[in-house]
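All of these numbers come straight from a predicted model, not from anything done at the bench. Residue indices begin at 1 and follow the sequence shown.
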Amino acid sequence: MCSTDDTSTSRAFIFDYALTMVAYFVCGGAIIARLTEYFHTPLAVANAIIALPAILPLAQIWGGHLFSNSRRRHTFLRTGNLLWRMLLPLVYFSVLLPTGIGALVMAVAYALMLGTYHFIQPGHNAWLVDAVEGKVKNNYYSMREFTFMAFYTVSLFLCGLVVDRGSKSGNLSNAFVLVGLFSSLILGISAFIMLKRLPPPLPAPVDQPKSSLFGSLVVPFRDRGYRPVLIYNICWNIASMFATTFCSLYQIRILKLDYMFVMSWATVANLLRVITLPMFAVLAEKIGWKRVSQLTLAIMGLSALCYTFLTQANAIWLFPILIIFGQIPYGGFGIGFFKMQISCCRNKERSLYFAANAAVCGIASIIGTTLCSSLVGYLEASSATPNFSIIFIIGAVGTAITILLVQRVPQSKADGI
């Protein structure tokens, strides 16, 4: 039975998550691709910038270690959370500067924002899990994702509409400023919730000895029960650079699809993702989150493979299908991966496990981004009309391998929470 305080706390975490993740995810994908186009960023560099959200989880290595050893965990989390929320709007406000310096400010602000965000994530996730574990219903994470996606879908469409109207009227810089002001507003509200409504995190155990960075990191790697989680995440984060990250760049910069066309169908896809999310939760009760994760990966891999057939001529009917089937699985996929990660780690060292997982994901993403960007550069240099199909084929193959690796997680472990 949940107390009133427990209910208030769990709801506060949901609203803080929904608001911050809306701002975080709007500042990515198609809008970042459009920003790189506004600043005339070279294609290979733009691909690297778009891939930063997958690379900078490396910051979680140090962040998880410091949080685990910190005696002032509340200050640590508050400071980091406020800092990344202040940096994010600067990405949009960079358009107020001359093109050369503006492009640099955009890239640096984006990198610092992402780095700070990921730096505190092991501690922030441990804060959430410690606060709600055993005090909420089994569908809590599904409801959290549902709330986020409902708000995100509306916000992404409105921001996309503003950017499209600004582009067509010749006031694209003003459009980005408006999106920046909107992000500042919702991040300000989320900061109030974090400071006034969230309880302090659990303190570090009094008898817990301080460990070295290396000593902290090796703990999860030595845990045989957690090792399969690390392995399938390595594979997925390499594959996703080809299967999903490159898609936004391909749509906007290569196929030159109409921005509003892309954003409208992205909104439809996100609406369907909101609608189908409870279905994944119901399905998980019957077959488990491990099987749901594998199913959603299979759908995403098939969608990536079908991008090899996408052209300007057939985009009017094929693109909507691909973006819908590429987006719908993300809700079940994200929850499934998060649940398997929580259930396979040791409670007292949770932040270290989150940090180790983020570390391998970041390293794998660097490898994937380097390979993908190098291949993009090679294809561009080798032909006036390069064929990028090989990128999506590699992504689909990597996704299939990830499905096989997820199979190594014991069913009892995968649904242990």
Side-chain angles (χ1 to χ4, degrees), residues 23-55 88-111 113-114 155-183 241-242 244-267 307 310-312 315 319 322-323 326 369 372-377 379-381 383-386 388 391-392:
Y24 179 87
F25 282 109
V26 165
C27 189
I31 285 185
I32 286 295
R34 198 60 186 269
L35 264 172
T36 64
E37 187 178 43
Y38 174 85
F39 286 119
H40 306 293
T41 309
L43 193 60
V45 176
N47 186 61
I49 292 173
I50 290 173
L52 284 176
I55 296 172
L88 188 147
L90 296 181
V91 176
Y92 301 109
F93 296 149
S94 62
V95 299
L96 297 173
L97 300 171
T99 302
I101 189 67
L104 179 62
V105 170
M106 181 272 290
V108 171
Y110 191 51
M113 179 275 290
L114 292 169
S155 300
L156 183 64
F157 177 77
L158 292 177
C159 290
L161 184 62
V162 168
V163 171
D164 183 68
R165 292 290 177 85
S167 177
K168 291 178 178 177
S169 64
N171 293 312
L172 189 55
S173 60
N174 290 341
F176 283 126
V177 170
L178 286 175
V179 175
L181 291 173
F182 169 72
S183 298
M241 296 299 101
F242 296 84
T244 62
T245 302
F246 184 69
C247 290
S248 297
L249 207 60
Y250 189 68
Q251 299 156 12
I252 302 295
R253 296 287 300 272
I254 297 169
L255 292 184
K256 303 292 184 182
L257 299 183
D258 180 77
Y259 184 75
M260 202 57 214
F261 172 74
V262 172
M263 295 305 294
S264 296
W265 280 109
T267 301
Y307 261 90
L310 183 65
T311 65
Q312 286 181 323
F319 175 74
L322 296 184
I323 196 167
T369 301
C372 186
S373 294
S374 299
L375 185 54
V376 169
L379 293 172
E380 272 196 303
S383 173
T385 56
F388 293 97
I391 292 177
F392 300 112

Non-hydrogen side-chain atoms of Leu156 and Met263 separated by less than 4.5 Å: yes

Run Tyr92 and Val163 through side chain to side chain contact (heavy atoms under 4.5 Å, CB included) and show every step you take. CA-CA 11 Å; Tyr92 301 109; Val163 171; over 6 Å; no

Between Ser264 and Phe261, is there a donor-acceptor pair closer than 3.5 Å when you use the side chain of the first and the backbone of the second? no

Just wondering, do Phe93 and Val177 contact through their side chains at under 4.5 Å, heavy atoms? yes

Shortest non-hydrogen contact from Met241 to Cys372? O-SG, 3.7 Å

Non-hydrogen atoms of Ala175 and Val162 that approach each other most closely: CB-O, 3.4 Å

Separation between CH2 (Trp265) and CD (Gln251), nearest 0.5 Å, reads 13.5 Å

Any idea which heavy atoms bring Leu90 and Ala109 closest together, and the distance? CB-CB, 4.0 Å

If you measure from CZ on Phe319 to CG on Leu255, what distance do you get to the nearest 0.5 Å? 9.0 Å

Do the side chains of Cys27 and Ile32 get nearer than 4.5 Å, heavy atoms only? yes

In short, Ala23 meets Leu88 closest at the heavy-atom pair O-CD1, 3.6 Å

Distance, nearest 0.5 Å, that separates CG of Leu104 from CG of Leu97: 10.0 Å

Indicate yes or no: at least one non-hydrogen side-chain atom of Leu172 is less than 4.5 angstrom from one of Val95. no

Looking at side-chain heavy atoms only, is the closest gap between Phe176 and Ser94 below 4.5 Å? no

Between Tyr250 and Phe392, does the ring centre distance come in under 6.0 Å? yes

Working to the nearest 0.5 angstrom, can you tell me the gap between Asn171 CG and Leu178 CG? 10.0 Å

Any idea which heavy atoms bring Leu310 and Ala315 closest together, and the distance? CD1-CA, 3.8 Å

Beyond-backbone contact of Glu380 with Leu43, side-chain heavy atoms, under 4.5 angstrom: yes

So how far is it from Ser167 OG to Glu37 CD, rounded to the nearest 0.5 Å? 7.5 Å

Would you name the heavy atoms of Phe39 and Thr99 that are closest together and state the gap between them? CD2-O, 3.5 Å

Which value, rounded to the nearest 0.5 Å, describes the distance between Phe246 atom CZ and Ser373 atom OG? 9.0 Å

